[in-house]
Amino acid sequence: MKLLIAIFIMCFPISSYADEVLIAVAANFARPMEKITAEFQKDTGHKISASYGSTGKFFTQILRGAPFEVLLAADEEHPEKLLAAGLAQAQTDFVYAIGKLVLWSPKTDFVDAEGKVLQGKEFRHLSMAAPKLAPYGAAAEELLKNLKLWTKLEDKLIYGENISQTHQFVVSGNAELGFVSLSQVKDFKGSFWLPPQNLYKPLKQKAILLKGGKNKKVAEVFLTYLKSEKVQKILREFGYEVGP
Amino acid sequence: MGALKGSFSLSYPGFALAIEFSISSAAVTVVMGPSGSGKSTFLRCLAGLQVPQGELFFGEEMWQGRQYFKPTHERNLGYVFQDGNLFPHLCVEDNLRMGLKKLTPPRFEWDHVVQVFGLKKILKRTPMSLSGGEKQRVAMARALLSGPDLLLMDEPLSALDTSSKNDLMPFLESMKSEFGVPTVYVTHSILEASRVGDYLLLMDQGRCKEFGSAHELWASDQVLRGGISNLVDLQKRFGLNL
Amino acid sequence: MLEIILLTLRLAFFTTLSLLLLATPLAWWLSQTRSWLKIPVSAVVTLPIVLPPTVLGFYILILLAPDGWLGTLIHSWGFGPRPFAFSGLLFGSIIYSLPFAIQPLQNSFEAMGTRPLEVAATLGLSPWRRFLRVALPLAKPGYVSAAVLVFAHTLGEFGVILMIGGNIPGRTKVISTAIYDYVEMLQYEKAHLLAAGLLVFSFVIMAALYTFQRRDGQPWAR
């Protein structure tokens, strides 16, 4: 019984919501966001509380009253839809990063610099995100169609629900190679091919101030900070291009 | 003490109970009859564990009427089942205490009951460690400690082996002589019936065939209408055991 | 990390506590009733096992949203479960783990049969006291199973919590969603650490449950 009481007391919350901004962050942006969070807190003294998840899920949750103040989406469409639904602040949206699609394999010398590996028969599975669910999937589909390889490779494709799952298929060796985000392979060994940007639509990721962040100073400070030199340097470090 | 009288009718597929009865509640009435004749159902209806159509009076007290049904726990009775009487999670002493009613002064003294049933040494034991005979002794003692106006016993010895039955018989008799609670006692056994029964109610196919003083029924051919002339015949007719 | 673990334990603790209280009358009713409603009610209660957690989470979210019918009700009362807060997580967890509480309790109530309750009635115990003094103690193994299963199930809960909670640090971020975050950030070592901890902990409490069940046997068996 005493143990129960102890657990009970222990279980009470210790969190505080001081001057912090609540941000919903697209899962593919999780790694740079960690670093940006640390820098932001150091530079401004404000706190960031970041939730990671899929943009689609955040969209549903924001429609149902989720208390997020800023959304860093994985695409352009969802922030625009939120704007149309009156759940975001007008003229606060901007492209904070442009993702890069990369064909990657953890094996060295597996993927050549021109992507000719796609023509050959040396692999059984090619992993990519589901085109209907994730922007990186749509981009990969567009690319393969432009290369006239879609019908040929269709049997070999395995689809991840999002870009992380796609990455896991490759890391775990279940697929020899896959289309992932450049931000995911930065630290990893292996071989890769960066397809030229003219073969697929740029993966523009938009940030927007949500209704919940209206009149919230910290949220605005963060959005300004996101455009700073320092952040742009971090973005490039993690394999993103900087917005126009 | 008045009589236990009333009428029950109850039917489900393959069985119908339709009985009218008026039982003197001053003594032990033994209910006998072949398997499936409705003895146990009759007893359960008396206790309110099953709900038949009809009515039931215990002396002046209405237990069941057209619009009225007194639930089991409000009928001041004791019940001893064939088996499964004891609460497995309680020791013997706690099992006995379950029946004690706090408000009324005890009708029978704790020490007396414990002594009559020879339970002193097993008070701390768990039901699981008891023999079949011991379990039934505890069950009878507990029923008495609840201070019942009426005791209902449903073949209390039938689940026991022969030697346990013989061991328990004296307890049945002292139960009757020491405490004198009016009892309705269901059994298959003529031996038990002849040892404790004052009255005899013979049942067949859900109906009361005979009711009368046990003494007369055992003694006289004439009272046993329908050609039952001796115990052997009785045994054959009603599937009873000696 | 500690904050996440504490929040998870707190959620599991309160879910278990609430479910033992809520499931008791429902399991009791299911074990006793002969009503035709028993079958539909049993089926509804079992649905959370069958439904994909995200689907369940999605509908709970709709239900609790400020414009949902339950949400509207809650706003007019000023209290009750809210999404993206602890109370919403608790509400979702209770629904998600309901079958894990109902089944063992109902089994226990059914396994004891009617005899102990009949005996208690003939001893003059009212229905309420029969339940407290006979049915509850006899159902103890069911309560232990239900508590352990619900607790462990809540610890590992992911889909429902992610949907209703929003994975907000300090408020609705629990061990399972933290593992998800670490995987997203490609910090597999931290993810493995948390996952291993969860695994070992769950193993220990399940092993403890089975030990208890063996030692205790089935106390209602004569």
Side-chain angles (χ1 to χ4, degrees), chain B residues 40 43-44 46-51 70-91 94-104 107 126-132 135-136 138-154 159, chain C residues 20 24-25 27-29 31-36 38 104-147 209 211-222:
Chain B
S40 293
L43 206 65
R44 292 174 61 81
L46 288 177
L49 294 172
Q50 262 170 276
V51 186
K70 197 187 203 47
T72 302
H73 66 276
E74 289 172 17
R75 303 181 182 191
N76 192 22
L77 50 82
Y79 204 112
V80 179
F81 293 87
Q82 194 172 331
D83 55 18
N85 279 297
L86 302 190
F87 300 114
H89 62 294
L90 299 176
C91 71
D94 291 340
N95 259 288
L96 293 175
R97 287 194 188 286
M98 272 307 240
L100 294 179
K101 287 170 186 137
K102 281 172 192 144
L103 295 178
T104 50
R107 178 135 163 228
T126 61
M128 254 209 294
S129 70
L130 300 181
S131 71
K135 282 182 193 166
Q136 293 305 75
V138 177
M140 290 189 263
R142 187 182 56 188
L144 285 168
L145 283 170
S146 74
D149 294 327
L150 174 70
L151 201 54
L152 304 173
M153 301 178 83
D154 188 4
Chain C
L20 290 187
T24 295
W28 178 251
W29 180 79
S31 73
Q32 303 296 310
T33 187
R34 289 185 189 167
S35 155
W36 62 272
K38 177 174 175 166
L105 294 188
Q106 189 183 341
N107 287 345
S108 282
F109 289 143
E110 279 169 359
M112 72 181 68
T114 51
R115 181 53 54 83
L117 297 168
E118 286 184 349
V119 171
T122 65
L123 291 171
L125 272 74
S126 65
W128 179 237
R129 285 174 68 217
R130 293 205 280 277
F131 178 75
L132 286 185
R133 293 184 58 185
V134 179
L136 272 190
L138 286 181
K140 191 177 108 190
Y143 276 90
V144 173
S145 298
L209 170 65
T211 311
F212 168 83
Q213 282 179 340
R214 272 187 67 172
R215 185 178 55 80
D216 217 49
Q218 294 186 309
W220 55 80
R222 276 182 306 119

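These values consider heavy atoms only, across backbone and side chains, with no hydrogens, waters or symmetry-generated copies. In what follows, chains are A, B, ... by sequence order, proteins preceding strands, each numbered from 1. Fair warning: this is a prediction, and the values are worked out from it, not measured in the lab.
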Visitor: Under 4.5 Å, counting heavy-atom pairs only, tell me which of B/P127, B/A143, B/G99 racks up the most with chain C.
Guide: B/G99

Visitor: Once rounded to the nearest 0.5 Å, what's the spacing between atom CZ of C/R130 and atom CE of B/M98?
Guide: 11.0 Å

Visitor: Does a side-chain heavy-atom distance below 4.5 Å link B/H73 with C/P127?
Guide: yes

Visitor: Is B/S146 close to chain C through its backbone or its side chain, or both, or neither, when contacts mean heavy atoms under 4.5 Å?
Guide: side chain

Visitor: Report yes if the side chains of B/N85 and C/R115 come closer than 4.5 Å at any heavy-atom pair, otherwise no.
Guide: no

Visitor: Report yes if some heavy atom in the side chain of B/F81 is under 4.5 Å from a heavy atom in the side chain of C/E118; otherwise report no.
Guide: yes

Visitor: Please examine the side chains of B/R75 and C/T122, heavy atoms only from C-beta on, and report whether any two atoms are closer than 4.5 Å.
Guide: no

Visitor: Go through the steps for B/Y79 and C/V119 under the test side chain to side chain contact (heavy atoms under 4.5 Å, CB included), then give the verdict.
Guide: CA-CA 7 Å; B/Y79 204 112; C/V119 171; over 6 Å; no

Visitor: For C/R133, is there any backbone N or O sitting under 3.5 Å from a side-chain donor or acceptor partner on B/H89?
Guide: yes

Visitor: Roughly how far apart are C/L123 CG and B/L145 CG, rounded to 0.5 Å?
Guide: 10.0 Å

Visitor: So how far is it from B/L90 CG to C/L138 CG, rounded to the nearest 0.5 Å?
Guide: 8.0 Å

